[in-house]
Amino acid sequence: MEIPYNVEERPDTGMYNAKLGIWLFLASEVMLFGGLFSAYVFLRMGDITGTFATGSSELNVPMATFNTLVLISSSVTMIMSWVSLKLGENKKFKTYLGSTILLAGVFLVVKYFEYSAKFHHGIYPDTSTFFSIYFTLTGLHMVHILGGMVVLFYFLVPGSKMMKTEPERFTNRIETVGLYWHFVDLVWIFLFPILYLL
Amino acid sequence: MSGHSVDDIKKSVKIYIGVFATLAVLTVVTVAASYLNLSNGEAFFLAMIIASVKGTLVAGYFMHLFSERTTILAVLGLTFFFLITLLFLPYITFIDHAVI
């Protein structure tokens with residue numbers, strides 16, 4: 001049985017089903033991270049000993065700034081991979097999607113060095129309320145990066161067969177995974193200043 | 001966005017590059033602003049303004065929200081309302097403090 005509305009627009013929503021699906025998923029993700037941002041506000045308001053100020057000063061701002069630029073670049077390569085498919089440039093698509101995965105890998109490697117430095121200095125999630133929320137937020141964000149990388153790799157190698165058999169459906173798939181990827185970038189845009197700079 | 005023509009998409013590539021450059025500049029501005037001699041409240045307010053501008057650019061252009069269907073905007077509007085409610089919940093703890 002064929003799944004309906006995976007290319008053509010559904011009359012009542014005005015879009016293909018996967019697009020509405022990913023947006024509903026992203027809405028739930030907003031609330032997931034929103035809950036943790038709310039926890040951050042709550043902990044910071046109750047921080048009378050100044051653990052947030054001292055904890056924040058122990059983080060590596062240049063590394064995080066570099067990672068912010070890496071993630072922004074990955075958003076551009078992600079959207080360019082979708083543009084390439086729309087223009088029928090399949091080779092460029094693979095280059096851009098591969099670059100996105102590579103940049104995601106760079107982000108994780110930098111994060112690995114950041115985490116290692118913290119552990120080396122005896123800083124763990126139970127060190128202070130600041131580091132508990134720092135490791136929770138950045139850890140959850142990294143899980144999202146990893147999940148995204150798995151899906152992107154699937155579309156780059158095994159899932160790319162659909163590019164020839166059902167090009168429009170494949171383009172829509174890349175658009176939906178792209179929406180997820182930009183969301184991950186969006187979350188980091190807010191995480192960076194509240195954890196590293198304030 | 002899926003219904004856009006090839007010409008529209010070619011034009012939007014320039015916009016994507018412009019958005020990328022703006023995001024990169026704003027990242028540097030965010031870091032530079034953190035070195036200003038501001039109070040905690042002012043620093044938080046400034047950082048959130050810059051982050052919101054960056055977020056709007058990503059959501060508006062990369063995620064195509066500026067040209068998206070009303071159904072999606074309605075879903076996100078409702079989500080945003082609950083998000084703001086959630087973020088301001090901790091301030092309720094100050095209500096009983098104000099009486100003293």
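Proteins get letters first, then strands, A, B, ... in listed order; numbering begins at 1 in each.
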Item to check | Which portion of A:L20 sits near chain B, non-hydrogen atoms under 4.5 angstrom | outcome: side chain

Checklist entry - Can you name the closest pair of heavy atoms from A:H182 and B:F62 and give their distance? => result CD2-O, 3.4 Å

Checklist entry - Which bit of A:S73 comes within less than 4.5 Å of chain B, counting heavy atoms only: side chain, backbone, both or neither? => result both

Checklist entry - Looking at B:T30, B:L83, B:I72, which has the largest count of heavy-atom pairs under 4.5 Å with chain A? => result B:I72

Item to check | chain A contact via B:L46 - which portion, at a heavy-atom distance below 4.5 Å | outcome: neither

Next on the checklist: At a heavy-atom distance under 4.5 Å, which candidate from A:D12, A:V187, A:L186 has the highest pair count against chain B?
Outcome noted: A:L186

Checklist outcome for this item: Highest number of heavy-atom pairs under 4.5 Å with chain B among A:I79, A:L197, A:D185 belongs to A:I79

Checklist entry - If two hydrophobic side chains count as joined below 4.5 Å and joins carry through other members, does A:F170 share a cluster with B:V6? => result yes

Next on the checklist: Using every non-hydrogen atom in the two residues, find where A:T65 and B:T27 come nearest and quote the distance to one decimal.
Outcome noted: CG2-CG2, 4.1 Å

Checklist entry - Is there a side chain to side chain contact (heavy atoms under 4.5 Å, CB included) between B:K54 and A:F190 once you walk through the steps? => result CA-CA 9 Å; B:K54 288 169 75 180; A:F190 284 93; over 6 Å; no

Checklist outcome for this item: Turns out that what part of A:F183 lies under 4.5 Å from chain B's heavy atoms comes down to both

Checklist entry - How far apart are the C-alpha atoms of B:R69 and A:K19, what are their side-chain angles, what is the distance that settles it, and do they pass the side chain to side chain contact (heavy atoms under 4.5 Å, CB included) test? => result CA-CA 11 Å; B:R69 303 272 180 193; A:K19 195 175 204 179; over 6 Å; no

Next on the checklist: Can you tell me which portion of A:M80 sits under 4.5 Å from chain B's heavy atoms? Options are side chain, backbone, both or neither.
Outcome noted: side chain

Checklist entry - Can you name the nearest heavy-atom pair linking B:F44 to A:L198, along with the distance? => result CD1-CD1, 3.3 Å

Item to check | Closest non-hydrogen atom pair between A:I72 and B:A24, with its separation | outcome: CD1-N, 4.5 Å

Next on the checklist: I'd like to know if the side chain of A:S38 reaches the main chain of B:L86, judged simply by a donor and an acceptor atom lying under 3.5 Å from each other, with no hydrogens or angles considered.
Outcome noted: yes

Checklist entry - Which atoms of A:L179 come close to chain B, meaning under 4.5 Å heavy atom to heavy atom: side chain ones, backbone ones, both, or neither? => result both

Item to check | Proximity breakdown for B:L76 and chain A, heavy-atom pairs closer than 4.5 Å | outcome: side chain

Next on the checklist: Looking at A:K94, I'd like to know if its NZ atom is crowded, meaning that more than 12 non-hydrogen atoms belonging to other residues, nucleotides or ligands lie closer than 6.0 Å.
Outcome noted: yes

Checklist entry - What are the two closest heavy atoms between B:V75 and A:A27, and how far apart are they? => result CG1-CB, 4.2 Å

Checklist outcome for this item: Okay, A:V30 and chain B: the region with an atom under 4.5 Å from a heavy atom over there is both

Item to check | Pairwise side-chain contact, A:W23 with B:M63, heavy-atom cut-off 4.5 Å (strictly under) | outcome: yes

Item to check | Structural part of B:V31 lying under 4.5 Å from a heavy atom of chain A | outcome: both

Checklist entry - Is there side-chain contact between B:K10 and A:V83, with heavy atoms separated by less than 4.5 Å? => result no

Checklist entry - Where do A:M45 and B:Y91 land on the side chain to side chain contact (heavy atoms under 4.5 Å, CB included) test, with the steps shown first? => result CA-CA 9 Å; A:M45 281 170 58; B:Y91 288 95; 4.0 Å; yes

Item to check | Contacting moiety of B:S52, where chain A heavy atoms sit under 4.5 Å | outcome: both

